[in-house]
Structure formats: C-alpha cells, structure tokens
Amino acid sequence: MKNLFAGIFLCLISLSAFPKDGYELWLDYAPISNQGLNQEISSLLDGIYFFGKNPTYQAIQNELNLSGKKLVGKAPVYTTDRLSNTKLWLGTREEMSQIFGLQQQVEIRELGEDGFWRGSIDFQGKRYYAIVGNRPLGVLYGVFDWLRSIQTETFDAKQEKADAPKVKLRMLNHWDNLDRTVERGYAGFSIWDWHRLPGYIDPRYEDYARANASLGINAVSLTNVNANARILTTDFMKKAKVLADLFRPYGIKVFLTARFSAPIEIGGLKTADPLDPDVKAFWKRKTEEMYSFIPDFGGFLVKANSEGQPGPHEYGRNHAEGANMLADALAPHGGVLIWRAFVYSHEIDEDRHKQANTEFEPLDGKFRENVIIQVKNGAIDFQPREPFHPLFGAMPQTNLGMEFQITQEYLGQATQLVYLAPMWQEVLESKTYRPSPSSTVAGIVDGKDTGKTLTLMAGVSNIGTDRNWTGHLMAQSNWYAFGRMAWNPNLTSEQIAKEWTSMTFGQNQVANRKINEILLQSHEAAVNYMTPLGLHHIMGRSHHYGPGPWVEGGRADWTSLYYHRADSLGIGFDRTSTGSNALNQYAPEIAQKWSDPNQIPQKFLLWFHHLPWDFELKSGRTVWEEIALHYDQGVKTARNMKTAWDSLEGTIDPERHSHVSQLLGIQVEEAEWWRNACLLYFQTFAKRPFPEEIEKPTGSLEYYKSLSFPMAPGIRPQW
Ligand code: BDP
C-alpha cells in the first residue's frame with residue numbers, strides 16, 4: 001500500500017509539478033517508479049567513494065547530485081573512506097588496481113582510452129558496485145551509461161557491462177555564424193554568444209556539454225563550414241578558449257572551421273596558395289597561437305572549393321596539397337585536419353553525383369596521416385533518402401569519416417517529426433564490397449574494414465537557443481541517436497528509440513510503444529510524401545522548405561529539373577552507362593545489379609534510371625501509379641502519426657503533448673502540400689489519371705507555385 005501511494009505521488013510529481021519544456025533533454029531523470037530499483041539506487045547513492053580527484057570527477061559528482069535528487073528524491077552521500085559505509089566505487093583502473101585481479105586489469109585496459117567497465121565487486125568480504133575507466137573520462141561515460149540503465153529501469157547489479165566507443169572522433173558540426181545566425185538552423189539562434197564571451201558564461205554551455213558527454217560525443221566544431229576568417233583572430237581565440245576550458249572535463253575537444261583564404265583576409269598576404277612559404281608560415285603561426293590558448297585544440301574543419309568557398313584550386317593545387325599544408329601546421333601539436341569531400345562545381349559539366357569521386361579518388365594515399373576526409377552519407381546532399389556515397393570503399397588508403405545531417409534541412413526542418421536513425425542505419429549497413437567483399441559503410445567508418453584508427457563520425461547539429469534546444473521536441477531524438485550511433489554504428493534505430501523514449505517520457509510502456517512506432521515510421525513517411533522511389537532535390541529554392549519540383553533557372557545543379565528530368569516520356573536521372581554512368585563509381589557488384597531497373601532496390605529506382613511513365617514494376621503497377629501511391633501513403637502515415645500521438649493526451653504532460661500535437665498538425669498539412677504539389681506537377685508530364693485508390697490532390701498547381709517564403713529560417717543572410 002505504501003508503495004502504491006509512493007508510486008502515485010511520484011507520478012503526480014512527474015506529471016504536474018514541473019511544467020516540461022524539454023530543456024532537460026533525455027537527462028530529465030524522472031523519479032524511478034519501480035520501488036525495488038528505487039531503494040537499490042538510493043542505497044548505492046548513500047556511500048560514494050571517488051578513488052581520485054580531478055575536474056571530470058567533479059563533473060560526475062555534479063551529475064550525481066542532480067540526478068540523485070530527481071531519481072530517488074535525495075542527495076547522494078560521499079565518503080572519504082573507501083571501505084566503511086561505501087557502496088559505489090568510482091575510479092580509474094590504475095587508481096583501483098589493487099582491487100582487480102590481473103586478468104580483469106588486462107580486460108579493462110583493452111577497452112581503450114574511452115572504455116568503461118561496471119559491475120559488482122566482492123572485496124574483503126563486502127560487495128561494492130564499481131564504475132571503472134582507463135581514464136577519468138571513461139568513468140564519466142560509465143556513470144552516464146549506468147544512469148541510462150536506471151532511467152530505462154533496466155539496471156541489474158548482477159550484470160557486468162563493458163563498453164567502448166567504436167569511433168574515435170564523435171563530433172558535432174555547428175553551422176553557426178559569428179553573428180549567431182545558424183545556417184540551416186531551425187531552433188533559434190546559435191547558442192554561442194560570441195559577443196558576450198569571454199566575460200559571460202551562459203549556463204547552457206555546461207548543459208550542452210553534459211548532454212553530449214552522456215552520449216559519448218567528444219568533439220565539436222563551433223563554427224559554420226562556410227567560414228569566417230575572423231574566428232582565427234586573437235580576440236575570438238580567447239572566446240573559444242572559454243568554451244574549450246568548460247568542455248574539457250566532459251572530454252569534448254574544440255575544433256574550428258578554417259577559411260582557406262584567411263591568410264589574405266586576416267594575415268595581410270596577397271595569396272593563400274598552400275605551397276607559398278608565407279602562407280605556410282601564417283598557418284603555422286596561427287596554429288601555434290591557437291594551441292597557446294587551447295592546449296588540446298582538436299584541429300580545423302575545412303570546406304574548400306565548394307559552393308563558392310575559397311580553396312587550393314584557385315592556385316592550381318589539389319585538395320591533398322591544400323589539406324596537407326594545414327595538417328602539417330597541426331601535426332606538431334597532435335591536431336587533426338578534417339577536409340570535406342562535399343565539393344562540386346557548376347562550371348564542370350559532370351553529373352554532380354560524380355564530382356567528389358572524380359576529384360578525390362586519384363588522391364587516395366596522398367593525404368597526411370592526421371587528415372580525415374569527411375564524406376556526406378550520400379553523393380548529392382543530405383536528401384530524404386540517398387544511396388551511400390561511392391567514396392566509401394573507394395579510398396582504402398585514406399582516413400574517411402562520415403558526415404550526417406542532424407538538422408532537418410531537407411527532412412521537415414523544425415515543423416516535422418522525422419526520426420533520422422533508420423536512415424542512418426540504412427546507410428551504415430550498406431554493403432560497399434570494398435575494400436573487402438564483406439565491407440560495409442559502418443566498417444569503413446569505424447575502421448574495422450580498413451584498419452584505420454583515426455576514425456570520425458560527424459553530425460551537423462540541430463541545436464539552437466530554443467528552450468527545448470532543437471525546435472521540435474522530437475528532434476531531440478536525432479541528436480540522441482546521432483551520439484549513440486557515433487559511439488556504436490551497429491546499434492539499431494529501434495534500440496535507440498526505445499532508450500530515448502523512456503529517458504524522455506518515462507516508463508509508461510503503452511505510451512512508449514506508441515511513441516516508438518511513431519518515430520520508426522516517420523522517416524519512410526517523409527520519403528514517401530517528399531521524394532519517393534529515388535526522386536531527389538525537388539524542394540523549394542534556397543530555403544529548401546516545402547516542395548519545388550518546378551524550380552528552374554540559374555545554376556543548373558541547384559534546380560529541380562536537373563535531378564528529376566521529367567518529360568513526356570518518363571522521369572528519373574539516368575546514371576547508368578547510357579547516362580552519366582555515376583553507377584560505375586560503385587563496386588561492380590552494385591553497379592551491375594543496380595543498372596538493371598528490375599533488380600535495383602525500388603527505393604533508388606529513379607535516382608539511377610530514367611523510366612517511361614508506363615514502365616511496369618514488380619508490383620504490377622506502372623511508375624506513374626507507384627509514384628502516386630507512395631505520395632498518398634506518405635500523407636496517410638503522417639495522419640496516423642498524429643492520431644496516434646493525440647491518443648496519448650493525458651498520458652504525457654500537457655506541455656509536451658500539445659507542442660508535438662500542434663506540430664504534427666502542421667506536418668499533416670505539409671505532407672498534403674508536398675503530395676498535391678508534386679503529383680499535380682508531374683501529371684503535367686505524365687498526362688495520365690491518378691490511380692483510383694488514392695485520395696486526389698486538391699488545390700491548383702499555380703497556387704502551389706506561387707507560394708513564397710522569404711522569411712524561412714536557416715538561410716544565409718546574403719541569399
Ligand atoms: C547544403 C546546405 C548549405 C551548406 C552545404 C554544405 O544547403 O547551406 O553550406 O550543404 O554542406 O546542404 O556545405
């Protein structure tokens with residue numbers, strides 16, 4: 001009976017006492033409803049002993065104070081005697097070496113610098129629970145993992161757990177400008193308050209670090225890849241130093257974007273030629289200065305010769321010459337140079353899909369060891385669905401990192417609920433057949449298939465000043481999922497959704513099942529109502545908000561017509577040998593299979609093939625009918641998502657329920673808008689009736705074409 005009352009009490013607290021605005025993210029630490037677990041944790045928190053002292057342990061202590069009070073309703077107690085009154089041991093393997101047998105010491109050591117072990121230990125007749133790392137940071141990761149098991153109510157003291165990240169650099173890329181606008185940002189302004197730094201330290205910085213560390217994210221590039229050289233001036237270095245100092249206990253290294261023409265803009269030189277001795281000296285000096293402020297500075301991230309950004313091509317040099325010059329400046333300090341493979345030029349008359357491979361493949365083996373080439377998941381640009389980028393597997397002698405986009409530029413921005421983990425999983429699981437027949441994208445990214453150790457997974461951040469950080473509350477799941485997949489690219493989207501949902505919304509299993517279902521169908525739904533069957537790049541011009549299959553004029557590779565190629569005969573981009581032959585950039589196993597429209601997975605059909613409207617698919621339907629059905633299905637799923645969410649009213653706190661419900665209302669309208677606009681537009685070429693079974697598009701094409709959104713968020717000020 002007592003337990004029942006306690007349960008009701010805790011439930012009431014979590015439902016009503018604190019209005020929830022999503023600020024706490026997945027670190028909300030709702031009271032533990034399972035009484036047995038509640039008591040067990042309460043008792044562990046009653047005697048905590050740290051085997052050492054350092055800023056990371058201080059961060060752990062802060063987290064335990066915060067979470068303890070919320071989870072079990074009381075502050076943890078720390079002891080100074082490691083044996084009497086102690087229940088929970090925290091420390092490094094070395095600090096705790098006497099406690100472990102030799103075998104166990106070896107096992108823990110093999111977990112590497114960020115790994116951890118947690119479990120029960122019997123020592124001198126008493127049982128302790130221990131969380132151990134090879135470094136204090138490993139202890140922090142272990143503590144967050146332990147807290148996650150408590151939040152999801154899966155903690156079992158009898159079970160040992162050892163874990164270590166599979167990828168070395170787990171990184172967020174902010175596309176934040178120094179004036180606090182965020183390119184492709186839909187959650188307010190940049191959280192980096194450059195103007196008031198270094199004097200004013202926004203408390204949010206620490207919460208940001210906590211959230212990232214809880215996932216194992218250990219690197220962050222603070223500034224936009226369309227870079228401003230000013231970030232490399234002394235004034236800004238002093239500001240960046242404050243953030244680096246704050247992030248250090250959480251194991252997060254700061255990177256900055258380097259504008260290739262900085263030697264001219266802030267160095268007073270006439271050239272930025274990477275082989276020029278003065279240019280080299282400029283970067284050497286700048287890098288040294290950077291390390292004088294931030295001794296563990298991560299390095300530079302560079303976008304060069306892409307979309308108008310300066311780069312080595314201006315001086316007749318290639319990407320390797322550009323990257324290596326910067327890498328040489330960083331190397332003496334242990335820094336890493338990340339160079340993006342997102343390059344294409346409208347002056348080159350070659351399918352944009354092919355340009356990165358054309359430029360980079362011949363440079364395989366020519367980059368320094370501290371260079372990583374950061375490759376987007378697909379060859380075009382973060383489209384709702386893309387086949388994996390053919391650079392994965394094509395450069396075995398080069399460090400290749402993954403770049404995912406967490407911010408939903410092409411996937412509903414902050415008005416739509418789209419859980420991106422299924423898409424990332426699809427890419428990571430893709431077989432590349434290179435360098436070995438069993439290779440996958442994940443195996444290349446985590447080094448398993450290449451033997452590389454300087455590995456990277458980067459995600460373009462979706463974070464801004466909105467109270468809930470990500471604009472759409474449910475987009476927090478994407479930040480979360482990115483971090484978890486960067487830690488372990490083999491985790492499944494289902495697993496991650498389950499964790500996130502119960503950490504964010506609590507332990508109502510029925511509600512959680514429904515939320516997970518919504519999350520897991522959301523990506524396929526968005527692909528259906530935006531770009532089914534391999535269609536791509538048919539969104540509104542420049543802001544990329546809403547449909548724009550009619551976009552033409554100006555730079556060809558920024559139009560929709562370039563990509564969908566609809567005409568009276570058919571639709572799709574022929575990338576087989578009769579067309580651009582981009583398919584040839586994949587391994588022969590893929591190129592062969594995918595060049596046959598009857599064998600290619602249907603989801604990539606029009607990405608690689610231009611097919612007649614009446615081309616018959618496996619389903620027995622024509623291309624035209626199948627397109628129409630997919631658009632319609634997307635809308636129906638969006639509606640079902642809203643109905644399912646609305647049925648949770650009263651189960652989820654009213655603030656968060658209403659927020660998501662309203663946005664789902666917008667999402668349904670936007671899904672209908674996409675379907676109507678695209679189907680009406682494509683029908684002008686197909687000149688065929690809509691299939692009987694679909695709901696007919698409403699509105700007029702002229703109306704959809706006339707819509708304009710000059711104030712849409714996330715665009716560059718100069719656009
Ligand atoms: C595109 C964005 C553009 C970015 C570019 C990039 O539209 O704003 O600058 O990617 O990745 O998706 O550099």
Side-chain angles (χ1 to χ4, degrees), residues 171-179 181-187 190 221-228 255-261 300-311 313 319 322-323 338-346 352-353 355-356 359-360 372-386 389 391 401-414 418 420 423 427 456-462 464 478 482 530-531 536-546 548 551 554-555 557-560 562-563 709 712-719:
M171 183 176 197
L172 285 187
N173 287 182
H174 289 263
W175 284 358
D176 295 15
N177 299 313
L178 303 183
D179 64 0
T181 54
V182 181
E183 182 150 342
R184 310 310 177 184
Y186 311 103
S190 167
S221 165
L222 300 173
T223 45
N224 193 352
V225 286
N226 297 314
N228 185 332
F255 284 67
L256 292 171
T257 48
R259 186 164 164 85
F260 203 77
S261 52
F300 297 124
L301 167 64
V302 182
K303 170 176 178 178
N305 292 124
S306 169
E307 301 185 330
Q309 293 301 304
H313 288 181
H319 287 288
I338 305 176
W339 190 269
R340 296 178 82 226
F342 179 66
V343 300
Y344 66 100
S345 160
H346 63 293
R352 173 168 161 191
H353 194 294
Q355 294 190 30
E359 286 200 46
F360 279 88
I372 305 177
I373 304 300
Q374 182 171 299
V375 185
K376 287 190 183 183
N377 57 277
I380 298 297
D381 189 7
F382 297 139
Q383 291 304 292
R385 165 173 276 140
E386 297 203 24
H389 200 303
L391 269 177
M402 171 61 80
E403 179 176 326
F404 284 130
Q405 192 180 42
I406 311 171
T407 190
Q408 293 166 238
E409 175 180 358
Y410 300 99
L411 277 148
Q413 305 192 350
V418 183
L420 302 174
M423 173 175 81
V427 171
L456 161 76
M457 194 187 291
V460 180
S461 149
N462 61 349
N478 291 327
F482 168 76
M530 291 179 178
T531 53
H536 53 289
H537 207 291
I538 54 171
M539 64 289 156
R541 195 197 284 275
S542 81
H543 50 62
H544 299 168
Y545 172 64
V551 169
R555 219 183 128 155
D557 55 6
W558 282 356
T559 67
S560 301
Y562 177 91
Y563 297 96
F709 305 93
I715 32 184
R716 291 183 212 169
Q718 70 268 30
W719 285 354

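In each ligand, atom 1 is the first atom listed, and ligand 1 is the first ligand listed. The first residue of the sequence shown is numbered 1, and numbering continues consecutively from there.
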| Does even one non-hydrogen atom of Q309 get within less than 4.0 Å of ligand 1? |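 Flag not set, Q309 not near ligand 1.
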
| query | Under a 4.0 Å heavy-atom limit, does N226 contact ligand 1 with its side chain, its backbone, both, or neither? | reply |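 Within the 4.0 Å criterion, N226 contacts ligand 1 through side-chain atoms alone.
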
Considering the heavy atoms of [X], write down every atom of ligand 1 situated less than 4.0 Å from one of them.
| X | result |
| --- | --- |
| E307 | 4 (C), 5 (C), 9 (O), 13 (O) |
| D381 | 1 (C), 10 (O), 12 (O) |
| E409 | 1 (C), 2 (C), 7 (O), 12 (O) |

| Do the rings of F382 and W175 sit parallel, tilted or perpendicular, given the 30° and 60° boundaries? |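 Tilted, since the angle between the ring planes falls between 30° and 60°.
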
| query | Taking all atoms of both residues into account, what is the closest heavy-atom pair of L222 and H174, and its distance? | reply |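 Reported closest heavy-atom pair: O-CB, 3.5 Å.
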
| task | Using salt bridge (charged side-chain N to carboxylate O under 4.0 Å, His left out) as the criterion, list what pairs up with E386, not counting sequence neighbours. | result |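 For E386, no residue satisfies salt bridge (charged side-chain N to carboxylate O under 4.0 Å, His left out) once neighbours in sequence are set aside.
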
| Partner set under salt bridge (charged side-chain N to carboxylate O under 4.0 Å, His left out) for D557, not counting sequence neighbours |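 Salt bridge (charged side-chain N to carboxylate O under 4.0 Å, His left out) list for D557, sorted by chain: R555.
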
| said: Given Q405, which partner from the list E409, Q408, E403 fulfils the side-chain hydrogen bond (donor to acceptor under 3.5 Å, both in side chains) test? | reply: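 That would be E409; it is the only one of E409, Q408, E403 passing the side-chain hydrogen bond (donor to acceptor under 3.5 Å, both in side chains) with Q405.
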
| query | Would you say ligand 1 has an N or O under 3.5 Å from any N or O of Q405? | reply |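 No - when backbone and side-chain N and O of Q405 are compared with those of ligand 1, no distance drops under 3.5 Å.
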
| request: Would you check whether E403 has a nitrogen or oxygen atom less than 3.5 angstrom from a nitrogen or oxygen atom of ligand 1? | output: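 No, since none of the N or O atoms of E403 sits under 3.5 Å from an N or O of ligand 1.
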
| message | Between R340 and K376, is the side-chain contact (heavy atoms from CB on, under 4.5 Å) condition met? List the steps. | response | CA-CA 8 Å; R340 296 178 82 226; K376 287 190 183 183; 3.4 Å; yes

